[in-house]
**Q** 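The structure's right below; bear with me while I get my questions together.
If you're wondering where the values come from, they're calculated on a predicted model, not measured in any experiment. Throughout, residue positions are numbered sequentially from 1 according to the sequence presented.
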Amino acid sequence: MSDVGSRIRASVAADMPRARRELAELVTYRSVADERQFPREECVGAAEWVREKFLDAGIETVDLIDTADGSIAVVGHRSAPAGKPTVLLYSHYDVQPPGERTLWDSEPFDLTERDGRWYGRGAADCKGNLVMHLLALRALGDDVGVGITVVSEGSEEMGTGGLENLVQERPELFASDIIVIADTGNAEVGKPTVTTTLRGIANVVVRIDTLEGEVHSGMYGGPAPDALAALIQLLSTLRDEQGNNVVDGLTSDQQWDGIDYEPARFRADAGVLDGVGLAGSASVADAVWARPALTVLGIDCPPVVGSAAAISPTASARLNLRVPPGIDAQAAQDALVAHLEAHVPWQARIVVEREAIGSPFRARTDGPGYEALGDALADAFGEPVASAGQGGSIPLCNVLAQTFPNAEIILMGVEEPQCRIHAPNESVDPREIENLAVAEALFLQTLGRSDR
């Protein structure tokens with residue numbers, strides 16, 4: 001690492017105790033963007049906290065802007081020197097609901113250290129990324145050399161589109177040459193990774209109706225069409241015996257050309273039980289980053305406890321279809337609906353309700369920003385940079401790409417697999433926060449000193 005890099009490293013390392021205190025403060029805000037679960041004041045307080053911290057980190061103006069879904073976007077600017085690019089640094093301060101408290105080993109909204117990791121809801125997704133931005137900006141101080149736009153979203157986890165709407169209504173707030181979306185992460189701790197693809201989404205809810213109402217299974221069981229059995233049979237047509245997705249008309253043979261994902265690591269990351277096999281015959285990397293993936297998210301049917309000796313007249317399921325780049329999300333949803341309608345057994349009545357689709361995303365990797373960030377990540381981590389996909393969806397990326405077609409969009413972050421984002425006992429490795437902050441500071445400084 002160069003002398004400049006060593007100075008940045010020392011500055012970030014010295015600032016880590018403050019970063020730990022800041023993350024602890026931010027985690028205390030129960031900033032779930034759903035007033036049915038937590039009061040709106042929690043999100044308001046978090047937004048105000050973020051605003052003050054970015055002002056303190058040298059951002060000249062930072063505003064709180066109400067969006068169409070009722071959330072508050074934090075948007076700030078620091079002017080670019082003449083001839084220098086503007087870089088947008090994104091994060092979000094809202095979090096997933098904590099879920100069942102008994103599944104946590106410590107309080108979800110109290111940052112707790114165990115075995116070198118920091119535990120708490122949002123510690124990684126995405127408050128850890130937000131603190132990483134603060135570390136990088138403070139390490140540079142007045143020596144940034146580029147324009148900076150900071151954006152912290154208040155409803156990303158709810159997917160209600162407030163920020164996407166704001167981008168379309170007021171694009172001047174977000175105009176940038178390079179956009180850093182800090183809401184993904186490394187393939188593993190210490191392995192610098194940029195995310196180059198995101199899968200889109202095309203969900204449906206399917207309902208099967210067969211009887212006017214419940215009837216006694218002893219009197220009518222056999223010939224009476226059981227709606228739950230019909231639904232189970234229909235869902236079974238979506239996968240073959242090996243577990244591959246086999247939706248009619250949906251391509252499932254694309255291949256991933258980036259970093260590999262070893263099955264043993266996937267098993268550990270996903271918490272697959274000993275002796276249980278993985279679904280499908282494709283490689284893990286192909287399956288999670290390059291091919292469609294269909295998941296049954298939920299089924300409405302009688303529960304086991306309290307169930308009666310009756311045949312179900314109706315049953316429903318919500319299906320989650322993840323769509324990789326190279327496949328149109330609308331076409332994928334059309335194929336799923338057509339498959340369900342064609343394979344329903346016993347001429348059962350079927351209704352398929354379509355949910356809103358989200359398109360997949362593929363980042364450009366041939367620009368100067370991508371090259372500069374790759375060099376910075378390699379310097380900060382002491383490891384070569386890999387590229388990976390992400391199975392999840394970030395609709396904002398597509399809106400930004402459509403609004404600013406000449407901007408480079410780069411995805412990175414602190415959310416490696418051990419973080420267990422969205423699950424109980426979410427955590428972050430502070431080394432990831434530190435190394436990413438060093439990399440981001442080096443990246444910004446390189447852009448500021450180039451003749452781009």
Side-chain angles (χ1 to χ4, degrees), residues 12-13 15-32 37-38 42 46 49-50 53 91-136 152 156-157 181-193 195 261 264-273 288 380-381 383 388 390-392 394 411-440:
V12 170
D15 205 18
M16 282 299 292
R18 178 180 177 182
R20 202 291 186 189
R21 293 192 300 271
E22 288 175 332
L23 186 56
E25 291 174 10
L26 190 51
V27 165
T28 63
Y29 289 99
R30 300 175 299 167
S31 49
V32 177
Q37 301 183 63
F38 294 98
E42 296 285 345
W49 187 97
V50 172
K53 292 300 178 181
S91 58
H92 63 84
Y93 64 82
D94 72 303
V95 297
Q96 282 282 327
E100 178 57 51
R101 167 64 185 87
T102 59
L103 299 178
W104 287 77
D105 295 332
S106 54
E107 289 296 328
F109 296 106
D110 182 5
L111 194 70
T112 304
E113 185 168 352
R114 295 195 301 275
D115 301 322
R117 296 184 70 91
W118 299 344
Y119 288 79
R121 175 56 87 223
D125 183 19
C126 182
K127 293 176 178 179
N129 285 305
L130 197 155
V131 169
M132 180 272 292
H133 287 323
L134 294 172
L135 277 166
S152 191
E156 192 275 343
E157 298 292 6
I181 304 291
D183 193 16
T184 60
N186 291 339
E188 58 185 276
V189 173
K191 179 64 176 178
T193 311
T195 299
Y261 201 162
R265 173 160 293 281
F266 177 84
R267 294 181 67 91
D269 292 343
V272 179
L273 298 178
V288 297
F381 283 85
E383 295 279 346
Q390 180 169 292
I394 305 178
L411 297 98
M412 67 174 196
V414 304
E415 302 164 17
E416 42 77 29
Q418 293 182 53
C419 291
R420 293 179 57 82
I421 64 171
H422 296 197
N425 296 310
E426 178 182 350
S427 68
V428 67
D429 190 319
R431 295 172 297 177
E432 296 290 281
I433 294 177
E434 181 174 346
N435 285 330
L436 262 294
V438 171
E440 185 165 277

**Q** Take L135 and E434 through the test side chain to side chain contact (heavy atoms under 4.5 Å, CB included) and record every step on the way to the result.
**A** CA-CA 8 Å; L135 277 166; E434 181 174 346; 5.8 Å; no
**Q** In this structure, which one of D183, I394, T184, N186 forms a side-chain contact (heavy atoms from CB on, under 4.5 Å) with T195?
**A**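 Only one option passes, and that is T184.
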**Q** Only counting residues at least two apart or in another chain, list the ones meeting side-chain hydrogen bond (donor to acceptor under 3.5 Å, both in side chains) with E416.
**A**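 E416 satisfies side-chain hydrogen bond (donor to acceptor under 3.5 Å, both in side chains) with R117 once adjacent residues are dropped.
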**Q** So, does E383 use its side chain to make a donor-acceptor pair with the main chain of K191 at under 3.5 Å?
**A**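 Judged by distance alone, no pair lies under 3.5 Å.
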**Q** Looking only at heavy atoms, what is the nearest atom pair of A124 and V414, with distance?
**A**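 Minimum heavy-atom contact is O-CG2, 3.8 Å.
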**Q** Closest heavy-atom contact between S106 and R114?
**A**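 Shortest heavy-atom contact: OG-NH1, 2.9 Å.
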**Q** Is there a donor-acceptor contact under 3.5 Å linking the side chains of R420 and S427?
**A**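 R420 vs S427: no donor-acceptor pair found between side chains.
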**Q** With side chains defined as the heavy atoms from C-beta onward, is the minimum distance between S91 and H133 less than 4.5 Å?
**A**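 They are in contact (side-chain heavy atoms under 4.5 Å apart), so the answer is yes.
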**Q** Find the distance between CZ (R121) and CG (D110) and round it off to the nearest 0.5 Å.
**A**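 Rounded to the nearest 0.5 Å, the CZ-CG separation comes out at 14.5 Å.
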**Q** Spell out, as yes or no, whether a donor-acceptor pair under 3.5 Å connects the side chain of D94 to the backbone of E157.
**A**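 Present.
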**Q** Is it the case that the side chain of R101 and the backbone of P108 share a donor-acceptor pair, with hydrogens and angles ignored and the cut-off at 3.5 Å?
**A**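 No; zero donor-acceptor contacts below 3.5 Å.
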**Q** Starting at CG of L103, measure out to CG of N425 and round the result to the nearest 0.5 Å.
**A**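 If we round to the nearest 0.5 Å, L103:CG and N425:CG are 8.0 Å apart.
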**Q** Do any N or O atoms from the side chain of N435 and from the backbone of F381 form a donor-acceptor pair under 3.5 angstrom?
**A**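 Absent.
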**Q** For S31 and K127, which I'm curious about, is there any donor-acceptor pair between the side chains at under 3.5 Å?
**A**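 Yes.
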**Q** Atom CZ of residue position R267 - does it have more than 12 heavy atoms of other residues, nucleotides or ligands inside 6.0 Å?
**A**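 Atom CZ in R267 is crowded, with more than 12 foreign heavy atoms closer than 6.0 Å.
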**Q** What's the separation between atom CD in Q390 and atom OG1 in T193, rounded to the nearest 0.5 Å?
**A**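 Reported value, rounded in 0.5 Å steps: 11.5 Å.
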**Q** Which heavy atom of M132 sits nearest a heavy atom of A437, and at what distance?
**A**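 The pair with the smallest heavy-atom distance is CG-N, 3.5 Å.
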**Q** Can you tell whether the side chains of R21 and E25 come within less than 4.0 Å, N to carboxylate O?
**A**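 Looking at R21 and E25, the cut-off is not met.
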**Q** Would you say that H92 contacts L130 through its side chain, given a criterion of any heavy-atom pair below 4.5 Å between the two side chains?
**A**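 When only atoms from C-beta onward are counted, L130 and H92 do not touch, as no gap falls below 4.5 Å.
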**Q** Looking at CD1 of I433 and CG of L23, how far apart are the two atoms once the value is rounded to the nearest 0.5 Å?
**A**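 Rounded to the nearest 0.5 Å, the CD1-CG separation comes out at 5.5 Å.
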**Q** Kindly give the heavy-atom pair with the smallest separation between G190 and E432, and that separation in Å.
**A**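 For G190 versus E432, the nearest heavy atoms are N-OE2, 2.9 Å.
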**Q** Decide yes or no for E107 and T112: does some side-chain heavy atom of the first lie under 4.5 Å from some side-chain heavy atom of the second?
**A**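 The answer is no; the side chains never approach within 4.5 Å.
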**Q** Which pairs, with at least one residue in residues 104-124 and sequence neighbours excluded, count as a ring-ring contact (aromatic ring centres under 6.0 Å, His included)?
**A**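 Non-adjacent pairs meeting ring-ring contact (aromatic ring centres under 6.0 Å, His included): F38-F109.
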**Q** Any non-hydrogen side-chain atom of M412 less than 4.5 Å from a side-chain atom of E440?
**A**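 The answer is yes; the side chains approach within 4.5 Å.
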**Q** Would you mind reporting whether E42 and V32 have side-chain heavy atoms less than 4.5 Å apart?
**A**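 No, their side chains stay 4.5 Å or more apart.
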**Q** If you define the side chain from C-beta out and look only at heavy atoms, does anything of R20 sit under 4.5 Å from V131?
**A**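 In short, these two side chains do not touch, never coming nearer than 4.5 Å.
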**Q** Provide the closest heavy-atom pair for A24 versus L111 in the form atom of the first, atom of the second, distance.
**A**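 Smallest interatomic distance, heavy atoms only, reads N-CD2, 3.7 Å.
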**Q** Output the distance between atom CZ (R265) and atom CD (E188), rounded to the nearest 0.5 Å.
**A**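 Rounded to the nearest 0.5 Å, the CZ-CD separation comes out at 4.0 Å.
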**Q** Over all heavy atoms of both residues, which pair between G122 and V95 is shortest? Give the atoms and the distance, please.
**A**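 Where G122 meets V95 most closely, the heavy atoms are CA-CG1, 3.7 Å.
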**Q** Working to the nearest 0.5 angstrom, can you tell me the gap between L134 CG and E22 CD?
**A**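 Reported value, rounded in 0.5 Å steps: 5.5 Å.
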**Q** For the residue pair E415 / N129, report whether a side-chain donor-acceptor contact shorter than 3.5 Å exists.
**A**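 A pair is found: one side chain offers a donor N or O, the other an acceptor, under 3.5 Å apart.
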**Q** For residues D429 and Q418, is any side-chain donor paired with an opposing acceptor at under 3.5 Å?
**A**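 Q418 and D429 do not have a side-chain donor-acceptor pair below 3.5 Å.
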